[in-house]
Amino acid sequence: MEKRVRVRFAPSPTGGLHMGGVRTALFNYLFAKKHGGDFILRIEDTDQTRFVAGAEQYIVDALTWCGIKPNEGVGFGDGPHAPYRQSERKESGIYAKYAQQLIDAGYAYYAFDSSEELDEMRKRLEAAKVVAPQYNAVTRQNMRNSLTLPEDEVKRLLESGAKYVVRLKVPRNEEIRFEDIIRGWVTVNSSQVDDKVLLKSDGMPTYHLAHIVDDIEMKISHAVRGEEWLPSAPAHILIYRYLGLEKEMPKLAHLPLILNPDGNGKISKREARFPVFPLSWQDPREAMPYVGYKESGYYPEAFVNILALLGWNPGNNEELFSLDELAALFDFERVNKSGAKFDPEKAKWFNQQYLRKHSDADLANAFKPLLHSKGIARSDAFLAEFCRLMKEKVHFVHEFWEQGHYVFEAKEVLDEKVMAKKWNDKSKALFTLVQDSFITVSDWQTQVLHDTFEELVKAHGKIDMQLLRVLITGVAGGPQLFDLLALLGKDEVLARLGKSLGKLN
RNA sequence: GGCCCGUUCGUCUAGGGGUUAGGACGCGUCCCUUUCACGGACGAAACACGGGUUCGAUUCCCGUACGGGCUACCA
C-alpha cells in the first residue's frame, strides 16, 4: 500500500522567505493537495548563531498571504507531531537518541577537533595540493576523534565535558545511488562525501541529522526541496541506511532553482531590480526594507500563478490558473530539470490578467485608499467609471494614479512633444470654436460630445484630437477621449480648456 | 579546482527518431481608430558544438563548450 502523502516545507528562520522558498512551499502544497495528503510547516532553527528575530513570523505571514496554508505546523495550529520547531523538538532528546544509535552501530563517531585544528587541516591539505580538503575516511586518521584516540582517552574526554561533535562515518569508496523523482538516478562515490557533522558541539543537531529524524518521526512521504540540496543527498541516503530506515525513507524530489533574469546565479535580494520577497521584509540587521510583491501591487493569486509556471507547466498552452486548478493539475513529471530565469516583465503581465478580472467597483474600492492618501475624494460612481476607462492600460492598482492622476488634478505643463509638433498659428482659433461649442452642450455625455465634435469637423475641417486631449489633460495618452471628457464633467473641461487656451497664442 | 545537475526563440516553455519545431511575455508591422488603449491579423526570433547509432537525429549515446549548484560545528 502506498504511504499517505505527507510533505513538509522546512525553512530556517535566518531571514525573509524569498520567492524561491515560496515556490518550494507551493510545490509541496500542490502535491499534498493533489493527493489529498498533508502539508506541514516545520521550522529548522538549529543554527542559533543565524537566528533572525521576526523571520519565523514572516514565513507564516508570507505563506498565509499566498494562500499556501499548511494543515500542520508552526503558526498553523500545530498538530499530532508537535512541536514543529526543531529547537523545541531537541528538548525531548530525540536527535541525540538517533545519533547515539549511529554511534553504537559504528556508523558515527566523536570528534574533538577545535575549529583552529580544522582550519589547520584544511590549510595543510591545500598546501599538499589536495583538490577537495575535507574531513573524511582518509583525513580523519590524523585528527582527534574516537576512531584515532585510545578508548580510555575518549572516555576521559567525554566525562571531563570536553567539546565534541558527532560525525557520520562515511565509507572510503562506495557507490551511492539514489533515485530522484525529477532527475532520475543519481550516482555519487562516497569519497566525494565528507564526514558530516550530525551533532554540533552546542548539542544541536545539524540540518543533516535533524531533517532526517523529523521526516521519519513525522512520517514524511516525499522530501521536496531545492536543487542546492542535491550534493548532500548521498550523505542523507547513508544516514537512512545506517539507521536501518531505508525503506521508510521519503522519496526525493529536487526542484530546479529560480535564477536571476540578468547576470548569473540564483536570485539575490541585494542586486535584484524587482521584488524578491512576497511581503516587504525588514531585516533587523539592515537599514532599508526590501519591498515585497504585495506592496508592489501584486495580487497573491498572480504571484502564485507566476511561481507555479517557473519550472512547471501543465502541458498545454494555458497559463492562468488558480491555486485549486494548480493543485488539480500538478505533477512532478511536468517539473523541469533546468533552472528558470525569472522574467519581471512577464510577471507584470500576469498581474494585469488578474487585475482585469476584477469589476470596476472592486478596482475603485482598491484604489480609493491611495486616492485618499493624496487628499482626494470622489464618488464611488465616479471612481468606478474612472477605473472602467483606465483598467485596460494598467498592470497594478497603483498605476491608476500614476497613469490617471491628471483626472484628479489638472497638470500645469502640457505635453511638450505634442504641442511642439501640432500646435500652430491656426490652432487657437480652432480650439476656441471647440470651446464655444462645448459651452452649448447641455447633455454632457460621451455620445453627445462625440457628435458635437463631428459637426465641428464637418464645418471647419480636421481638428486634432490628440491636441484637444493635451489641452485638457496635459498628457499625450489616456483612455477614450470623449469618455474621459464625460467623466471630467462640463465645468472641469471648460475650465481646463479655457486655462490652456489663455496661456497660448 | 573537484564533484553533481542541467542546455529548444532574448525570457518562460511545448514537443519529440521523419513536424512548415507550437504557445506565452517582450519586440515590430498592419487592421480597427481623427486621440489613447484594448482587441484582431501578421512578422522577426530557438533545437550549444563535435562525434557516433540510424535509411533518417533537434529527439538516443559519448565527448566538448557553456550555465547552475555544492564544496562549514549554515540551512
Side-chain angles (χ1 to χ4, degrees), chain A residues 10-15 44-47 49-50 111 113-115 118-119 122 126 129-135 163-167 180 182-184 186-189 191-194 196-208 210-211 225-234 254 256-257 259-262 264-266 306 309-320 334 336-350 356 389-394 403 418 453-454 457 462-470 473 475-484:
Chain A
S12 59
T14 54
E44 311 222 324
D45 55 347
T46 54
D47 187 350
T49 65
R50 292 209 310 158
D113 317 279
S114 66
S115 57
L118 290 171
D119 282 347
R122 282 186 202 104
E126 273 165 37
K129 298 269 189 325
V130 172
V131 283
Q134 57 179 18
Y135 207 114
K163 289 273 183 197
Y164 67 88
V165 300
V166 173
R167 285 183 182 270
D180 183 280
I182 294 168
R183 278 145 219 285
V186 178
T187 307
V188 180
N189 190 285
S191 64
Q192 302 301 325
V193 181
D194 67 340
K196 294 233 177 306
V197 170
L198 266 18
L199 232 40
K200 300 187 258 193
S201 58
D202 64 0
M204 277 286 187
T206 59
Y207 168 82
H208 304 293
H211 94 275
R225 67 219 314 194
E227 192 185 355
E228 70 268 26
W229 292 107
L230 202 50
S232 55
H254 289 94
L257 265 17
L259 272 17
N260 226 24
D262 39 45
N264 321 320
K266 47 182 179 181
I306 292 160
L309 266 68
L310 243 29
W312 172 87
N313 74 83
N316 56 34
N317 287 334
E318 288 171 50
E319 296 191 288
L320 265 18
R334 300 212 64 90
N336 289 308
K337 294 180 177 70
S338 50
K341 282 190 183 176
F342 175 67
D343 182 357
E345 286 306 312
K346 186 142 191 186
K348 286 184 191 171
W349 175 83
F350 270 107
R356 287 181 185 179
L389 300 184
M390 295 294 297
K391 75 193 281 193
E392 300 300 334
K393 331 170 73 74
V394 301
Q403 297 203 26
V418 174
F453 189 77
E454 287 289 294
V457 172
K462 183 181 160 76
I463 305 170
D464 194 284
M465 269 181 79
Q466 193 180 28
L467 208 41
L468 178 60
R469 175 190 290 279
V470 170
T473 68
V475 299
Q480 285 285 348
L481 185 54
F482 296 114
D483 277 329
L484 187 57

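All chains are named by letter (A, B, ...) in the order of the sequence lines, taking the proteins before the strands, and each is independently numbered beginning at 1. All values reported here derive from a predicted model rather than from experimental measurement.
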With a 4.0 Å cut-off on heavy atoms, is [X] in touch with a base, just the backbone sugar-phosphate, or nothing at all?
X	value
Gly226(A)	nothing
Phe342(A)	nothing
Lys348(A)	nothing
Leu199(A)	nothing

Whole-angstrom distance between [N] and [M], as gauged at atom [atom1]:
N	M	atom1	answer
G43(B)	A24(B)	P	13 Å
A14(B)	G22(B)	C1'	6 Å
G6(B)	U19(B)	P	27 Å

Applying salt bridge (charged side-chain N to carboxylate O under 4.0 Å, His left out), name anything that partners Glu126(A), two or more places apart in sequence or on another chain.
->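 So Glu126(A) forms no salt bridge (charged side-chain N to carboxylate O under 4.0 Å, His left out) with any residue.
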Check nucleotides 39-43 of chain B against the protein and report each pair of N or O atoms closer than 3.5 Å, with its distance, or say if there are none.
| from | atom 1 | to | atom 2 | distance (Å) |
| --- | --- | --- | --- | --- |
| G39(B) | OP1 | Arg356(A) | NH1 | 3.4 |

Polar side-chain contact Ser201(A)-C73(B) base: donor and acceptor under 3.5 Å |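 Looking at the base of C73(B), it does pair with a donor or acceptor on the side chain of Ser201(A) (distance under 3.5 Å).
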Does G18(B) pair with anything, Watson-Crick or G-U wobble, both distances under 3.5 Å, and if so, with which nucleotide?
-> C55(B)
Grab the N/O contacts between the protein and nucleotides 5-7 of chain B below 3.5 Å, and write none if there aren't any.
| from | atom 1 | to | atom 2 | distance (Å) |
| --- | --- | --- | --- | --- |
| C5(B) | O2' | Arg183(A) | NH1 | 2.4 |
| C5(B) | O2' | Glu227(A) | OE2 | 3.4 |

